[in-house]
2 protein chains.
Amino acid sequence: MTATVIVLRDKKGNRRAEGAKTLIEYAYQRLRRDILGGALPPGGKLRIEHLRGRYEIGSSTLREALTLLVADALVVSEGQRGFRVAPISLEDLQDVTRMRKMMECLALRDSIERGDDQWEAGILAAHHRLSRIEERLSDGAEAMAESWENRNDLFHKALISACTSRRILHFRDILYHQSERYRRFSLMSGPGGRDIHGEHRAIMDATLARDAAVACRLVEEHMDKTLAAMAPLLAAAP
Amino acid sequence: MTATVIVLRDKKGNRRAEGAKTLIEYAYQRLRRDILGGALPPGGKLRIEHLRGRYEIGSSTLREALTLLVADALVVSEGQRGFRVAPISLEDLQDVTRMRKMMECLALRDSIERGDDQWEAGILAAHHRLSRIEERLSDGAEAMAESWENRNDLFHKALISACTSRRILHFRDILYHQSERYRRFSLMSGPGGRDIHGEHRAIMDATLARDAAVACRLVEEHMDKTLAAMAPLLAAAP
DNA sequence: GTCAAGAAAAATATCGATATTTTTTGAAAC
DNA sequence: GTTTCAAAAAATATCGATATTTTTCTTGAC
């Protein structure tokens, strides 16, 4: 345990770990954060030699982290011509959203069918935690944004936590990560007259009432609204 | 072009390439074939040192190929404890089949909605090629099995080739590969009184008639029957 | 006889060096 | 001016050696 931490410091004693158990994982996380945050621009070339210096990590290790990101479709591998940050586009966002809607609904239907008391309790708890931060968010504290993202994610995860298909959940996760790249456009656009809190409440109510048809429709609308808010920004500066 | 071929022979002149452009790809393909064929048993440990000798390939290269297979869910990575062939189980097969049914139907609905003349022609052509080999298959020529697999795959691909979502097709491909591992159980079970040819014909007819509801139902039944044929074998010897 | 601790062995993760490929540059011919 | 070819430069892919971790085996105490 403690040994792990020691290992992840290099000879000069610089700390590297941030919860990563492996150097590959560390490289993977940093790379991912830089891609999602836009520091590594969409479509840009990922020069291994350059990144090697930036992250202080061996080239092979970097390659493996890059390979992992290819599976997430955040990076594309071009035969023998190295790696590149996956490009973004309105078309791509529409495709992600379309798939996310499907996966989310599949998972939600399954959860509504099978969920037990504990599942219901989890939803209520996650919604409460989200509500509390939304109250404070109106103060305009930007620092809360990340925390809100996190609780928002946990709320949506709670809704579908009774789904029994490992694969549905896995695909849903992948798609969520892919959509994360577009999220900063969403933040730019601001609330835009939406009542997100109300949407969440309605989704929760329909879910707890075991009304799959309504819950799915609400979730789809929820996602469509987010897409609609981002679309114009994406069309302008891609 | 020719240079590539030369490179993929090792110093002793042994040929390595089989359409692989990269050593990683070569390792990936061989590994995959050995996993699908059962030479590397489900749940078994993948000792890098051992495989290194078997495929005559460096350890780092092997690791990257293994990482690629993790994305396909054919291999699982266990933290810092190496790699392992993903285990198989009836439960897993049921999950794969469930997802495949969903993906296939999503893709089929989209194709039926958008398909043009060329799409229709492609389906007819693929069905014809499949029919011809099915006629000869009744002779009991085992050697044809692989060829039948191939044409069967192409027929199902043709049905959904008008689908516009890159991601639906991508997920479908991944799931198809995952189900491939179970196919040898299907071969063991034999035809089992099924009229596969008739099923294919019915699916094609409904699709070309643009009847999405019927086509999807038939596809789901088609897959369920395959699952049903495999299930008892899998329960017996997992 | 069982359990625990520590040492030895095996396996994995990481790295930087080398071989190979792709891209860029520059000069000559048209 | 632009096209072609070859050499140089840059970048990538591959490898085997080394560092680290996990597992196995041995020894000794209870």
Side-chain angles (χ1 to χ4, degrees), chain A residues 1-17 19-31 40 43-70 75-85, chain B residues 1-17 19-31 40 43-70 75-85:
Chain A
M1 292 254 169
T2 41
T4 306
V5 176
I6 290 167
V7 167
L8 288 171
R9 294 167 182 271
D10 61 23
K11 287 105 193 177
K12 290 159 225 137
N14 298 323
R15 57 203 142 85
R16 281 188 176 168
K21 288 186 183 69
T22 272
L23 266 187
I24 292 178
E25 211 171 315
Y26 164 78
Y28 170 79
Q29 286 174 8
R30 282 210 54 182
L31 237 9
L40 296 169
K45 194 115 188 41
L46 291 164
R47 260 168 257 275
I48 292 192
E49 277 309 305
H50 174 240
L51 296 170
R52 211 175 94 82
R54 176 168 180 162
Y55 299 138
E56 297 182 0
I57 275 189
S59 50
S60 302
T61 308
L62 215 31
R63 280 183 61 80
E64 282 196 53
L66 253 4
T67 305
L68 248 21
L69 287 163
V70 169
V75 165
V76 291
S77 161
E78 304 177 289
Q80 272 162 311
R81 258 160 294 179
F83 299 88
R84 194 173 277 280
V85 180
Chain B
M1 291 252 172
T2 41
T4 307
V5 175
I6 290 167
V7 168
L8 289 171
R9 295 167 182 271
D10 62 21
K11 286 105 194 177
K12 291 159 224 139
N14 299 322
R15 55 202 143 87
R16 279 188 175 168
K21 288 186 182 67
T22 273
L23 266 187
I24 292 177
E25 211 172 314
Y26 164 79
Y28 171 79
Q29 286 174 7
R30 283 210 56 180
L31 237 10
L40 296 168
K45 195 116 187 38
L46 291 165
R47 260 169 257 276
I48 291 191
E49 277 308 305
H50 174 241
L51 296 170
R52 212 175 93 82
R54 176 169 180 163
Y55 299 138
E56 297 183 357
I57 275 189
S59 51
S60 302
T61 308
L62 215 31
R63 279 183 63 79
E64 282 196 51
L66 253 6
T67 305
L68 248 20
L69 286 163
V70 169
V75 165
V76 292
S77 161
E78 303 178 290
Q80 270 160 311
R81 260 158 295 179
F83 299 88
R84 194 174 278 279
V85 180

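Proteins get letters first, then strands, A, B, ... in listed order; numbering begins at 1 in each.
Rounded to whole Å, the distance from CD on A:Glu64 to P on D:dC15 is 14 Å. Rounded to a whole Å, the CG atom of A:Leu66 is 10 Å from the P atom of D:dT12. In this entry the distance linking CG of A:Leu51 with C1' of D:dA11 reads 12 Å, nearest Å. Remark: C1' of C:dC15 and OH of A:Tyr26 are 16 Å apart, rounded to the nearest angstrom. What separates CD of A:Glu25 from C1' of C:dT12 is a distance of 15 Å, to the nearest Å. Between the CD atom of A:Glu49 and the P atom of D:dA13 there is a distance of 12 Å, rounded to whole Å. To the nearest angstrom, C1' of C:dT14 lies 16 Å from CG of B:Leu62. For the pair A:Ile57 CD1 and C:dG16 C1', the interatomic distance rounds to 14 Å; values are reported in whole Å.
In this structure, of C:dC15, C:dT14, D:dT22, it is D:dT22 that holds the atom nearest to the side chain of B:Arg81. Considering only the side chain of A:Phe83, D:dA13 comes nearest among D:dA13, C:dA13, C:dT12. Candidate nucleotides C:dA11, C:dT14, C:dT23 were compared by shortest atom distance to the side chain of B:Arg47, and C:dA11 ranks first.
Scored by the salt bridge (charged side-chain N to carboxylate O under 4.0 Å, His left out) test, B:Arg52 finds B:Glu49 as partners (sequence neighbours excluded). The salt bridge (charged side-chain N to carboxylate O under 4.0 Å, His left out) search around B:Arg54 returns B:Asp34, not counting sequence neighbours.
Residue whose closest nucleotide on DNA chain C sits further toward the 5' end, between B:Ser60 and B:Ile48: B:Ile48.
In this structure, B:Lys45 does not reach the D:dT23 phosphate: none of its side-chain N or O atoms is under 4.0 Å from OP1 or OP2. Here A:Thr61 reaches the OP1 or OP2 of C:dC15: one of its side-chain N or O atoms lies under 4.0 Å away. Contact annotation: B:Arg52 reaches the phosphate of D:dG16 (side-chain N/O to OP1 or OP2, under 4.0 Å). OP1 or OP2 of D:dT12 has not a single side-chain nitrogen or oxygen of A:Gln80 nearer than 4.0 Å.
If you check every strand for non-hydrogen atoms under 4.0 Å, B:Leu46 touches sugar and phosphate atoms only.
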Checklist entry - Going through the distances and angles, do B:Ile57 and B:Tyr26 end up as a side-chain contact (heavy atoms from CB on, under 4.5 Å)? => result CA-CA 10 Å; B:Ile57 275 189; B:Tyr26 164 79; 3.5 Å; yes
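Looking at heavy atoms from C-beta onward, A:Leu62 lies in side-chain contact with A:Leu31 at the 4.5 angstrom threshold. Looking at B:Leu40 and B:Lys45, their side chains never come closer than 4.5 Å, going by heavy atoms from C-beta outward.
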